[in-house]
Number of protein chains: 2
Amino acid sequence: MKTEEEVEDFILNGHKHYLRHITIDCAIIGYHDQQLKILLVKWKHLNGWGLPGGFIMNEETLNEAANRILMEKTSLSDLFLQQFYTFGDSFFRLSKKDWDKDQRLLIPIPEDNWLLERTISIGYYAVVDFEKVSISPDIFYDEYQWCDIQSIPELLFDHNEMVEKAIQTIRLQIYHQPIGYNLLSEKFTLPEIHVLYETILGKQLDRRNFPKKLMSLGILKKLDEQRSIGPHRSPFLYEFDKENYEKALMEGIALAF
Amino acid sequence: MKTEEEVEDFILNGHKHYLRHITIDCAIIGYHDQQLKILLVKWKHLNGWGLPGGFIMNEETLNEAANRILMEKTSLSDLFLQQFYTFGDSFFRLSKKDWDKDQRLLIPIPEDNWLLERTISIGYYAVVDFEKVSISPDIFYDEYQWCDIQSIPELLFDHNEMVEKAIQTIRLQIYHQPIGYNLLSEKFTLPEIHVLYETILGKQLDRRNFPKKLMSLGILKKLDEQRSIGPHRSPFLYEFDKENYEKALMEGIALAF
DNA sequence: TCAAAAGTGTTATGTGTACACCCATGC
DNA sequence: GCATGGGTGTACACATAACACTTTTGA
């Protein structure tokens with residue numbers, strides 16, 4: 001959606017192609033270099049920050065919609081996307097949207113437009129390498145930022161609650177969901193995956209116990225290669241044991257409700 | 001909704017009072033006398049069984065809607081209701097509803113009526129004592145049954161998937177959510193809560209380890225009373241330690257996403 | 001030879017699991 | 001006294017957590 005005509009059509013006729021009252025919002029957690037960040041976008045006409053989101057098309061599954069929205073915002077596809085909760089209880093979700101009249105959209109949204117109706121939002125999360133993500137500008141969002149997870153500002157609507165719940169969920173699922181597939185190269189060293197898990201969990205993990213745990217879960221396979229990393233001892237390379245990880249994933253899905 | 005006029009108004013004007021495209025379906029698990037059952041209703045005009053459900057009113061939170069729907073179907077209130085997943089990916093949820101033309105409703109549903117639109121459904125579960133539930137007949141459901149959890153027939157739409165996921169969730173959350181508050185009288189014996197947990201989990205639990213676990217979680221309080229149960233030793237009475245259970249619940253909510 | 005980073009094993013502690021015998025009650 | 005069901009404790013296996021020294025590498 002780039003041109004003025006497309007936006008006008010979306011505002012006036014979107015309700016013919018998208019389901020009303022339902023949105024998907026994505027908590028896109030970015031990891032790079034021992035930092036955990038979340039992708040925030042600035043809503044042009046609202047002058048505030050929030051999560052990227054969108055509507056579901058008539059002939060699209062939820063999963064497809066979440067992937068499409070993620071693709072549109074980050075240009076990444078085939079990520080591990082996970083539904084974590086559906087939000088409809090907060091004060092902001094109870095009434096029609098009373099958006100700032102001082103809208104800076106190309107065309108104003110008419111009163112009683114479908115975009116102003118009350119929405120229920122389904123939350124999905126993804127964990128990505130934020131160095132590899134290129135944000136596509138969108139007509140509704142004019143800025144974005146990777147915001148440190150520790151210092152999230154006040155967000156629009158109930159998006160703070162969403163972020164909190166997304167991070168809780170990721171931390172609970174990290175040993176049973178393939179978080180990490182998209183963050184590490186195919187072969188990686190123990191220290192790499194170690195700091196990744198430390199960063200996501202927000203706490204230190206013992207350097208000797210950590211590989212034991214991963215090995216006992218059977219999701220890691222030690223390779224016979226080492227990586228040369230300068231004036232230091234060469235660490236061994238590992239890869240995910242796909243077969244076993246799939247199995248853990250199945251049990252994890254049972255865990256994930 | 002009882003009279004013909006009310007139904008006609010619901011069909012023709014419901015979209016003014018309810019959110020379109022979103023439903024709530026309730027997996028109401030019933031327990032009594034070591035049996036686990038699920039409440040199924042027969043949809044009059046579809047000639048098939050499914051879960052009771054309903055739409056969300058314009059000014060209602062999801063939680064309120066789920067409670068209202070449960071109240072309407074079971075006449076029980078103040079239950080522990082828990083959202084467990086939102087369903088929108090199955091084949092049945094992708095297209096408009098192509099309901100049997102041979103409708104046995106009082107008035108036929110017009111083509112392009114809001115009730116025939118595609119819906120996303122938010123699943124909630126509750127666990128109740130099925131002996132204490134009196135089902136209110138509904139104009140859309142003409143029969144109901146408490147169906148044994150082991151032998152669930154083929155249900156309408158994706159409701160089999162919902163039931164499965166609901167039971168998975170309950171089993172995962174049983175030690176951290178106040179499942180049981182509504183099933184046992186205020187004071188109960190160890191054997192009573194023991195068979196309850198065995199029934200829900202579908203497996204045997206060691207009679208000596210089980211109380212240890214509940215005690216170590218701190219959710220149980222032993223009382224100084226015993227109950228006389230005929231020609232046997234009198235079992236001690238217990239009650240839930242409300243304060244500690246609330247605390248467990250808080251952590252459980254974090255667990256429950 | 002030095003600095004930086006990787007590798008590795010043992011012990012203590014707690015948690016989960018398996019298991020069998022005695023006690024109380026009413027008939 | 002007997003049948004029925006309730007109550008209790010111990011031993012073992014396993015997982016988790018704490019902890020420090022040695023090896024490799026390249027400059």
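First the proteins, then the strands, lettered A, B, ... as listed; each starts at 1.
- Counting heavy atoms from C-beta outward, Phe210(B) and Ile193(B) have side chains that approach closer than 4.5 Å.
- Across the interface with DNA chain C, nearest-nucleotide mapping of Asp206(A) and His232(A) shows His232(A) to be the residue nearer the 5′ end.
- Across the interface with DNA chain D, nearest-nucleotide mapping of Asn209(B) and Lys213(A) shows Asn209(B) to be the residue nearer the 5′ end.
- As a whole-Å value, the separation of Ile229(A) CD1 from dT23(D) P is 18 Å.
- Within 3.5 Å, no donor on the side chain of Lys222(A) pairs with an acceptor on the base of dT8(C), nor the reverse.
- Aromatic rings of Tyr175(A) and Tyr197(A) (six-membered ring for Trp) have centroids within the 6.0 Å cut-off, being under it.
- Look at CE on Met215(B): it is 16 Å from P on dT15(C), rounded to the nearest Å.
- In summary, the side chains of Tyr238(A) and Glu225(A) do not present any donor paired with an acceptor at a separation below 3.5 Å, with no hydrogens or angles considered.
- Residue side chain Arg207(B) reaches the base of dG7(D) through a donor-acceptor N/O pair under 3.5 Å, judged by distance alone.
- A sub-4.0 Å separation between OP1 or OP2 of dA6(C) and a side-chain N or O of Ser234(A) is absent.
- Residues of residues 183-205 of chain A that place a heavy atom closer than 4.0 Å to DNA chain D do not occur.
- Comparing dG26(D), dG6(D), dT24(D) by their nearest atom to the side chain of Pro235(B) picks out dG6(D).
- One interatomic measurement links the two molecules: CG of Leu214(A) to P of dG7(C), which rounds to 13 Å at whole-angstrom precision.
- Between the side chain of Arg208(A) and the base of dA17(D) there is no donor-acceptor pair of N/O atoms closer than 3.5 Å.
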Handout entry: ring pair (Phe, Tyr, Trp, His ring centres under 6.0 Å) between Phe80(A) and Tyr181(A), intermediate numbers included
Key = CA-CA 8 Å; Phe80(A) 173 71; Tyr181(A) 259 97; 8.9 Å; no
Practice task
Just do the ring pair (Phe, Tyr, Trp, His ring centres under 6.0 Å) check on Tyr85(A) and Phe87(A) with the steps written out, would you?
Solution key: CA-CA 6 Å; Tyr85(A) 199 72; Phe87(A) 298 85; 5.2 Å; yes
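- Across the protein-nucleic acid pair, Gln226(A) atom CD and dG26(D) atom P stand 11 Å apart, rounded to whole Å.
- Partners of Asn244(A) under the side chain to side chain donor-acceptor pair (under 3.5 Å) rule, at least two apart in sequence or in another chain, are Asp241(A).
- Between the side chains of Arg227(B) and Ser234(B), not a single donor N or O lies within less than 3.5 Å of an accepting N or O.
- When distances run from any side-chain atom of Lys212(B) to the nucleotides dT17(C), dT24(D), dG5(D), the shortest one goes to dT17(C).
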